Participant: 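Take a look at the following structure, please.
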There are 2 protein chains.
Amino acid sequence: MSLPPLSAIRVFEAVTRHLSFTRAGEELGMTQAAVSYQIKLLEERVGAPLFLRKPRQIALSEVGASLAPQVQQAFEIMREAFADTRGEVDRLLSITTVPTFASQWLAQNLGLFQIDHPEIAVRVDSTSDMVDLLNDECDIGIRTLAAPPEKGLVSHMLVKADFTPLLSPALAESIGGVKEPADLLKLPMLDPQDEWWALWFEVAGVPGFSAEGRPMSMLNWQSLLGTAAMAGRGVTMLTPALFRDEIASGRLIQPFPLLAPAGRAYYLVYPESRRNAPKIKMFRDWMLEATAFMRAES
Amino acid sequence: MSLPPLSAIRVFEAVTRHLSFTRAGEELGMTQAAVSYQIKLLEERVGAPLFLRKPRQIALSEVGASLAPQVQQAFEIMREAFADTRGEVDRLLSITTVPTFASQWLAQNLGLFQIDHPEIAVRVDSTSDMVDLLNDECDIGIRTLAAPPEKGLVSHMLVKADFTPLLSPALAESIGGVKEPADLLKLPMLDPQDEWWALWFEVAGVPGFSAEGRPMSMLNWQSLLGTAAMAGRGVTMLTPALFRDEIASGRLIQPFPLLAPAGRAYYLVYPESRRNAPKIKMFRDWMLEATAFMRAES
DNA sequence: CGACATGGATAAACACCCCTTATGCGTCGG
DNA sequence: CCGACGCATAAGGGGTGTTTATCCATGTCG
């Protein structure tokens with residue numbers, strides 16, 4: 001019912017292809033004696049000679065000949081399967097990221113990575129769930145964390161999740177421009193419940209801010225808030241680094257350089273055990289370089 | 001190009017079928033810890049998780065799922081191949097024998113063995129070449145030997161290859177019956193060169209026998225000589241045990257019980273290493289019992 | 001709601017398998 | 001006739017994979 005020792009079968013397979021113990025041993029990186037041993041083992045298990053020992057060569061016996069093609073086929077299937085897998089594993093990079101980062105920065109910049117590394121396919125899984133990088137089949141995660149994550153994971157800080165008010169130029173113009181922090185109180189605020197509003201005003205030295213009585217929009221993803229802000233629907237707290245393009249192009253304006261320190265940051269995270277996987281190294285290096293300016297600016 | 005450790009693949013295959021490390025371990029006769037170790041090994045080699053560890057069960061990962069069917073197929077092929085082989089090896093008994101024995105005794109009696117053991121197919125290779133039982137793929141040999149054979153072979157004496165003159169009743173009648181050994185000299189001898197003639201006459205106390213001037217037929221197989229003798233073409237030296245039926249039925253007559261001791265015998269021979277193979281035991285036991293009378297008579 | 005059962009992960013120590021080294025034997029070729 | 005080539009065999013050691021023991025997480029049952 002159960003198979004003979006697999007190591008013996010592997011040796012047998014190699015010998016059937018070379019029809020030589022010595023040659024097979026070379027292929028397998030072992031000595032001729034070891035090959036002889038394994039074949040003898042298999043022959044005892046099978047109960048019949050697998051090879052006929054001729055003076056200076058060997059030939060398949062009847063039993064051996066009936067076994068050889070099937071064993072070769074089985075090994076061919078496995079070789080192919082693992083070769084495919086290796087390719088797939090090396091070529092597919094799976095990233096899980098918080099939605100904000102996905103739709104803002106990653107969506108705009110991932111193309112550059114793919115141009116640099118066309119051989120790597122990238123799959124982005126954008127979810128706010130904290131995927132377990134150690135157990136689930138995901139290569140890299142991008143998360144907002146207050147501190148470097150638990151043991152077993154390597155993390156690189158990408159950019160601090162600091163916040164500052166952003167708004168559309170048209171909205172700013174509607175009140176004659178935003179000159180000082182208190183001016184913002186005249187404008188509708190998107191998601192004023194956001195704790196960062198209170199923090200920012202505190203840092204800005206504007207007293208008496210209260211979310212009381214202000215409507216709450218529940219646009220809990222920065223990208224949605226950003227879109228709403230660009231549409232002129234209000235002023236909102238965002239991480240300016242993630243809206244660099246929008247600010248540079250004038251679609252959003254950042255009236256004050258002042259940042260509310262969130263105490264959290266976006267981190268690139270991956271399992272320590274895979275820190276040497278080529279695709280992970282590539283992505284990490286690219287990502288750190290591409291986001292270097294964010295860290296430099298702050 | 002080269003496969004991951006086969007032991008790990010075997011474990012993986014079992015786990016994919018059970019979807020349980022513990023269960024797979026039971027099937028393979030090892031502990032759950034060992035299974036865990038092997039799977040981890042394979043996962044490191046492949047570079048990706050093969051299973052997703054859910055609380056009380058595991059599930060195939062994407063990579064694992066793509067690998068599983070192919071690995072299962074490969075193992076199925078090998079299992080089938082070795083199962084077939086085992087069947088073939090156990091069910092086919094291959095005998096090499098000297099032609100005389102083949103056509104005389106074996107051809108007539110093998111049917112009885114097959115009735116007793118219908119599950120075993122017998123292949124008889126009748127050749128006078130001495131097949132190397134240790135190296136060639138033959139289970140059992142029947143040979144004429146002067147002594148038990150070389151080391152590594154088990155031998156059982158079947159019957160002494162002693163000779164005595166045999167002739168047809170009609171031929172005996174043509175000279176008014178064979179009363180004493182010297183009468184034989186009046187008859188044509190088939191293969192008079194045969195050394196056994198001289199030996200037999202010597203044992204019989206008939207002096208002056210010479211093969212000089214007598215024609216030589218070169219019928220060097222006993223069965224051919226026997227056929228010629230039955231046709232009345234002459235008197236010939238044969239092993240009476242092999243012509244028991246012919247003598248019993250009157251087709252041949254043995255005028256004298258006197259046997260020339262050939263110093264050789266028919267032996268049943270097989271490799272010592274296979275002495276416990278069921279089919280070999282079966283045939284040996286049957287053969288020794290079926291030929292017991294030959295040894296008893298002499 | 002807490003104790004238990006289940007299933008997998010992990011660490012350390014050990015056992016055994018399998019490989020290597022060394023040698024022998026038989027045959028072929030110069 | 002000697003060396004080359006190829007497989008078989010024995011002895012011995014190293015390393016891989018196993019077991020044992022324990023931990024941890026989760027789901028279940030009283």
Side-chain angles (χ1 to χ4, degrees), chain A residues 3-12 14-45 49-61 64 130 132-136 150-153 271-273, chain B residues 2-45 49-61 64 130 132-137 150-152 271-273:
Chain A
L3 283 161
L6 286 175
S7 50
I9 300 183
R10 147 182 272 165
V11 170
F12 171 73
V15 175
T16 61
R17 281 185 286 104
H18 292 289
L19 282 182
S20 155
F21 287 13
T22 310
R23 236 65 58 65
E26 284 165 9
E27 173 185 316
L28 296 171
M30 53 201 243
T31 61
Q32 169 269 324
V35 174
S36 180
Y37 170 81
Q38 293 288 359
I39 294 297
K40 163 177 276 217
L41 217 63
L42 192 56
E43 287 177 329
E44 278 168 8
R45 175 67 177 262
L50 297 171
F51 298 96
L52 305 179
R53 276 72 166 179
K54 307 283 178 67
R56 300 200 19 138
Q57 63 178 3
I58 55 174
L60 280 164
S61 76
M130 181 61 182
D132 185 346
L133 286 170
L134 287 175
N135 289 329
D136 282 354
E150 68 241 65
K151 220 170 56 176
L153 292 176
E272 191 176 3
S273 58
Chain B
S2 99
L3 282 159
L6 285 175
S7 50
I9 301 184
R10 147 181 273 166
V11 171
F12 171 72
E13 195 267 347
V15 175
T16 61
R17 280 185 287 104
H18 293 289
L19 283 181
S20 155
F21 286 15
T22 310
R23 236 65 59 63
E26 283 164 11
E27 173 185 315
L28 298 171
M30 53 202 244
T31 61
Q32 169 268 326
V35 174
S36 180
Y37 172 81
Q38 294 287 0
I39 294 297
K40 163 178 276 218
L41 217 65
L42 191 56
E43 287 177 328
E44 277 168 9
R45 175 66 178 262
L50 297 170
F51 298 96
L52 304 180
R53 276 71 165 180
K54 306 283 179 66
R56 298 196 22 138
Q57 64 178 0
I58 55 175
L60 280 163
S61 76
M130 181 59 184
D132 185 345
L133 286 170
L134 286 176
N135 289 330
D136 282 354
E137 39 186 334
E150 68 240 66
K151 219 171 55 174
E272 192 176 2
S273 57

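Small disclaimer: the values here were computed from a predicted structure and weren't measured. Every chain is numbered from 1, with letters handed out A, B, ... down the list of sequences.
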Participant: Should the heavy atoms of other residues, nucleotides or ligands under 6.0 Å from CZ of A:Arg23 be counted, would the total exceed 12?
Facilitator: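 It does not: A:Arg23 CZ has 12 such atoms or fewer within range.
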
Participant: Minimum heavy-atom separation for A:Val35 and A:Gly25, please, with both atom names.
Facilitator: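 So the two residues come closest at CG2-CA, 3.5 Å.
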
Participant: Between atom CZ in B:Arg10 and atom C1' in D:dG17, what is the gap in whole Å?
Facilitator: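 One finds 13 Å between C1' of D:dG17 and CZ of B:Arg10, rounded.
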
Participant: Using heavy atoms and a sub-4.0 Å distance, could you list which residues of residues 31-44 of chain A are near DNA chain D? By number, please.
Facilitator: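 Correct list: A:Gln32, A:Ala33, A:Ser36, A:Lys40.
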
Participant: Check A:Pro4 against A:Ile9 and note the closest heavy-atom contact, atom names and distance.
Facilitator: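 Taking A:Pro4 first and A:Ile9 second, the nearest heavy atoms are O-CD1, 3.8 Å.
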
Participant: Identify the two heavy atoms, one from A:Ser61 and one from A:Gly64, that lie closest to each other, and give their separation to 0.1 Å.
Facilitator: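 Shortest heavy-atom separation between A:Ser61 and A:Gly64 comes out as OG-N, 3.1 Å.
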
Participant: Just how far, in rounded Å, is C1' of C:dG8 from CZ of B:Phe51?
Facilitator: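 Atom CZ in B:Phe51 sits about 13 Å away from atom C1' in C:dG8.
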
Participant: Rounding to an integer number of Å, can you tell me how far B:Met30 CE sits from D:dT20 P?
Facilitator: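 Interatomic distance, CE of B:Met30 to P of D:dT20: 13 Å.
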
Participant: What distance do A:Leu41 atom CG and A:Phe12 atom CZ have between them, rounded to the nearest 0.5 Å?
Facilitator: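 Answer for the CG-CZ pair, A:Leu41 versus A:Phe12, is 14.0 Å.
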
Participant: What's the shortest heavy-atom distance between B:Arg53 and B:Phe21, and which atoms?
Facilitator: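 Reported closest heavy-atom pair: NH2-CZ, 4.0 Å.
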
Participant: Whole angstroms only, please: what is the CD1-C1' distance between B:Ile58 and D:dA25?
Facilitator: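 It works out to 16 Å between those atoms.
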
Participant: Does anything in residues 16-26 of chain B reach DNA chain D, meaning a heavy atom under 4.0 Å, and if so which residues?
Facilitator: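 Heavy-atom contacts with DNA chain D come from no residue of residues 16-26 of chain B; none.
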
Participant: Would you compute the distance between atom CD1 of B:Ile58 and atom NE2 of B:His18 and round it to the nearest 0.5 angstrom?
Facilitator: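 Answer rounded to 0.5 Å: 11.0 Å.
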
Participant: Rounded to the Å, how far apart are B:Arg53 CZ and D:dG27 P?
Facilitator: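 The answer, rounded to whole Å, is 17 Å.
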
Participant: Specify the separation, in whole Å, of atom CG of A:Leu50 and atom P of D:dA8.
Facilitator: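 In whole Å, D:dA8 P and A:Leu50 CG are 12 Å from each other.
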
Participant: Would you call B:Arg17 and B:Glu13 a salt bridge, using N to O less than 4.0 angstrom?
Facilitator: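 Salt bridge: yes.
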
Participant: How many whole angstroms separate atom CG of B:Leu52 from atom C1' of C:dA9?
Facilitator: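 It works out to 16 Å between those atoms.
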
